[in-house]
**Q** 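Structure incoming, see below.
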Number of protein chains: 2
Amino acid sequence: MLADLRSEIESGTVPVGSRLPSESALAARYGVSRSVVREALRSCAALGLTETHTGKGTFVVSGRVSGDLVLGRYSARDLTEARPHIEIPAAGLAAVRRSEEDLATLRGIVADMALEDDPAAWVALDATFHCHIARTSGNKVFESVVTDLREALAHQSETLNLIADRQHASDLEHQKILAAIEAGSAELASAAMAEHLEAVGRALGSLGSSPPEG
Amino acid sequence: MLADLRSEIESGTVPVGSRLPSESALAARYGVSRSVVREALRSCAALGLTETHTGKGTFVVSGRVSGDLVLGRYSARDLTEARPHIEIPAAGLAAVRRSEEDLATLRGIVADMALEDDPAAWVALDATFHCHIARTSGNKVFESVVTDLREALAHQSETLNLIADRQHASDLEHQKILAAIEAGSAELASAAMAEHLEAVGRALGSLGSSPPEG
DNA sequence: GGTGTCGTGCTGTCTGACAGGTTCACGCGA
DNA sequence: TCGCGTGAACCTGTCAGACAGCACGACACC
């Protein structure tokens with residue numbers, strides 16, 4: 001039943017943020033006792049999929065298993081320092097390995113970002129853009145690491161604010177990255193991503209070695 | 001009590017491979033009921049720290065939480081392709097940020113490797129060496145990713161065999177890396193690591209895009 | 001010596017119960 | 001009518017006790 005519950009969450013059948021049925025209800029649905037349900041929920045919680053609050057219920061907090069990058073606490077410096085080394089080669093590979101479907105998705109994201117006014121929504125799209133490039137690289141290691149990095153970053157509101165501040169500049173840089181990937185040039189794509197991350201890094205520079213906020 | 005149990009496992013107080021006390025015993029030790037113990041053990045199992053077998057007990061299978069890099073399945077190509085992008089900059093940072101203690105540890109590992117005859121033991125030391133360089137980089141992202149990559153690699157016996165085949169060549173390259181880190185030169189350390197990984201990559205080249213063995 | 005059986009210990013699951021936190025609606029008073 | 005307090009309903013957290021199934025070792029028997 002753990003597998004069933006987990007697949008329901010990971011497949012998105014149960015949307016992120018929603019409340020799961022109560023333990024008793026789940027027990028009745030699956031025909032098991034509450035103990036079994038509780039242990040399954042504990043597993044999901046350990047994997048970072050759910051959180052349960054006394055008296056309120058258990059809530060889906062993520063659609064995917066969090067890597068230890070997220071579980072651990074990373075300083076903004078660590079994240080900023082590591083990103084280029086992974087995202088730049090990922091962009092290069094993406095330019096070589098992209099499919100038409102990938103290109104369509106990336107174009108859609110970039111178009112949406114240009115129209116987005118809400119900073120929080122824009123930052124979310126920004127994360128989607130970078131994650132999809134990593135996925136387009138065809139290397140699952142890059143995909144996992146970038147997704148984890150981005151998720152870890154999502155816990156640092158200070159950093160997110162600074163990212164949102166340069167929305168228009170980033171939009172232009174994203175378009176440049178996309179164009180390079182469309183052109184199929186690993187060199188240009190890497191360079192464009194490097195330029196983008198460098199600019200972001202400068203904007204985040206004021207953070208210095210400040211600790212994460214948890 | 002989960003935190004207590006988990007820290008006991010992660011700190012190595014309970015060695016990997018050993019059997020934990022029975023659920024009843026743990027319940028008595030912590031002064032809680034068996035339900036609580038079972039849920040804590042479920043969490044540990046979900047994190048990949050323990051495995052429990054009906055009728056036998058629960059056993060410690062890992063001293064650290066496995067990232068999703070390990071949980072997922074990665075091809076040898078993905079791993080080989082991603083390693084340089086993370087380990088080379090990590091080596092560079094390690095050269096700049098290493099402490100005397102780090103140097104002593106690394107020297108010890110390299111010395112042990114030179115004397116090691118058993119291929120399996122040597123490969124384990126090799127993993128320790130690379131992981132400790134990542135740790136020495138002072139960047140927890142690099143540390144996590146390298147450790148995860150190495151753990152993922154540990155599931156691919158074919159790759160491990162090829163790594164073990166060039167034991168003597170690797171020993172020399174490791175010494176060169178260590179010397180560069182001792183000298184405090186990020187440039188030399190990166191170059192030495194690049195050279196090493198390139199050589200390993202060539203040796204693994206025959207793998208091509210063969211799937212992981214699971 | 002080899003083999004089969006029994007007892008012990010452990011996990012897996014169920015039942016029923018109670019304490020404490022959370023939320024919401026109802027009713028009372030201003 | 002509006003504001004507020006109270007209480008019921010629901011939820012999770014934890015406990016105690018019980019039984020079935022599996023694994024393993026000891027012991028008796030052949």
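Order of the sequence lines fixes the chain letters, A, B, ..., with proteins taken first and strands second; residue numbering starts at 1 for each chain.
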**Q** Among residues two or more places apart or on two chains, list those pairs meeting salt bridge (charged side-chain N to carboxylate O under 4.0 Å, His left out) that have a residue in residues 101-123 of chain B.
**A**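 Qualifying pairs, neighbours excluded: R107(B)-E182(B).
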**Q** Under a 4.0 Å heavy-atom cut-off, which of residues 31-43 of chain B touch DNA chain D?
**A**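 Residues of residues 31-43 of chain B under 4.0 Å from DNA chain D: G31(B), V32(B), S33(B), R34(B), S35(B), V36(B).
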**Q** Between D148(A) and R64(A), is there a side-chain N and carboxylate O pair less than 4.0 Å apart?
**A**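 Yes, D148(A) and R64(A) are salt-bridged.
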**Q** Reading DNA chain D from 5' to 3', where do the contacts with chain A start and stop? Cut-off is 4.0 Å to heavy atoms.
**A**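 Endpoints of the contacted stretch of DNA chain D: dC11(D) to dT14(D).
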**Q** For L162(B) versus A203(B), what's the shortest heavy-atom pair and its separation?
**A**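 Looks like CD1-O, 4.0 Å.
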**Q** Among V145(A), L79(A), T128(A), V123(A), whose side-chain contact (heavy atoms from CB on, under 4.5 Å) with R150(A) holds?
**A**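 When side-chain contact (heavy atoms from CB on, under 4.5 Å) is applied between R150(A) and each of V145(A), L79(A), T128(A), V123(A), only V123(A) qualifies.
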**Q** Sorted by first residue and then second, give each salt bridge (charged side-chain N to carboxylate O under 4.0 Å, His left out) pair with at least one member in residues 26-35 of chain A; sequence neighbours left out.
**A**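 Counting only pairs at least two positions apart or across chains, the salt bridge (charged side-chain N to carboxylate O under 4.0 Å, His left out) contacts touching residues 26-35 of chain A are E8(A)-R29(A), E23(A)-R34(A).
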**Q** Please work out whether the ring planes of H174(A) and H196(A) are parallel, tilted or perpendicular, with thresholds of 30° and 60°.
**A**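 Rings of H174(A) and H196(A): perpendicular, as their planes differ by over 60°.
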**Q** Return each pair, listed once, that meets side-chain hydrogen bond (donor to acceptor under 3.5 Å, both in side chains) where at least one residue sits in residues 42-60 of chain B; pairs must be two or more places apart or across chains.
**A**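 Sorted result for residues 42-60 of chain B: E39(A)-R42(B).
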**Q** Please report the closest heavy-atom contact between V61(A) and G48(A), naming both atoms and the distance.
**A**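 Looking at all heavy atoms of both residues, the closest pair is CG2-O, 3.5 Å.
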**Q** For residues D4(B) and S7(B), report the shortest heavy-atom separation together with the two atoms involved.
**A**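 What the structure gives for the nearest pair is O-OG, 2.9 Å.
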**Q** Return the set of residues passing side-chain contact (heavy atoms from CB on, under 4.5 Å) with A82(A) (not counting sequence neighbours), or none when no residue passes.
**A**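 Partners of A82(A) by the side-chain contact (heavy atoms from CB on, under 4.5 Å) criterion, ordered by chain and then number, come out as N139(B), V141(B), F142(B).
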**Q** Describe, as an angle rounded to 10 degrees, how the axis at the first end of the helix from dG1(C)-dC30(D) to dA30(C)-dT1(D) is tilted relative to the axis at the last end, five pairs per end.
**A**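 End-to-end axis angle for the helix from dG1(C)-dC30(D) to dA30(C)-dT1(D): 10°, rounded to 10°.
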**Q** Compare all side-chain heavy atoms of E87(A) with those of I133(A) and state whether any distance is below 4.5 angstrom.
**A**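 No, their side chains stay 4.5 Å or more apart.
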**Q** So which heavy atom on W122(A) is nearest to which on I163(A), and how close?
**A**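 It is CZ3-O, 3.7 Å.
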**Q** For chain A and DNA chain C, what are the first and last nucleotides along the strand, 5' to 3', with at least one atom under 4.0 angstrom from a heavy atom of the protein chain?
**A**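 Here the contact window of chain A covers dT13(C) to dT23(C).
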**Q** Who passes side-chain hydrogen bond (donor to acceptor under 3.5 Å, both in side chains) against N161(B), sequence neighbours left out?
**A**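 N161(B) satisfies side-chain hydrogen bond (donor to acceptor under 3.5 Å, both in side chains) with no other residue.
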**Q** Using the test side-chain hydrogen bond (donor to acceptor under 3.5 Å, both in side chains), find all partners of E198(B) that sit at least two apart in sequence or belong to another chain.
**A**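 Testing E198(B) for side-chain hydrogen bond (donor to acceptor under 3.5 Å, both in side chains), a comparison that skips the adjacent residues, returns none.
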**Q** For DNA chain C, determine which residues of residues 20-29 of chain A have any heavy atom closer than 4.0 angstrom to one of its atoms, and list them numerically.
**A**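 Within this stretch, nothing sits under 4.0 Å of the strand.
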**Q** Under the rule for salt bridge (charged side-chain N to carboxylate O under 4.0 Å, His left out), what residues qualify as partners of R97(A), not counting sequence neighbours?
**A**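 Salt bridge (charged side-chain N to carboxylate O under 4.0 Å, His left out) list for R97(A), sorted by chain: E81(B).
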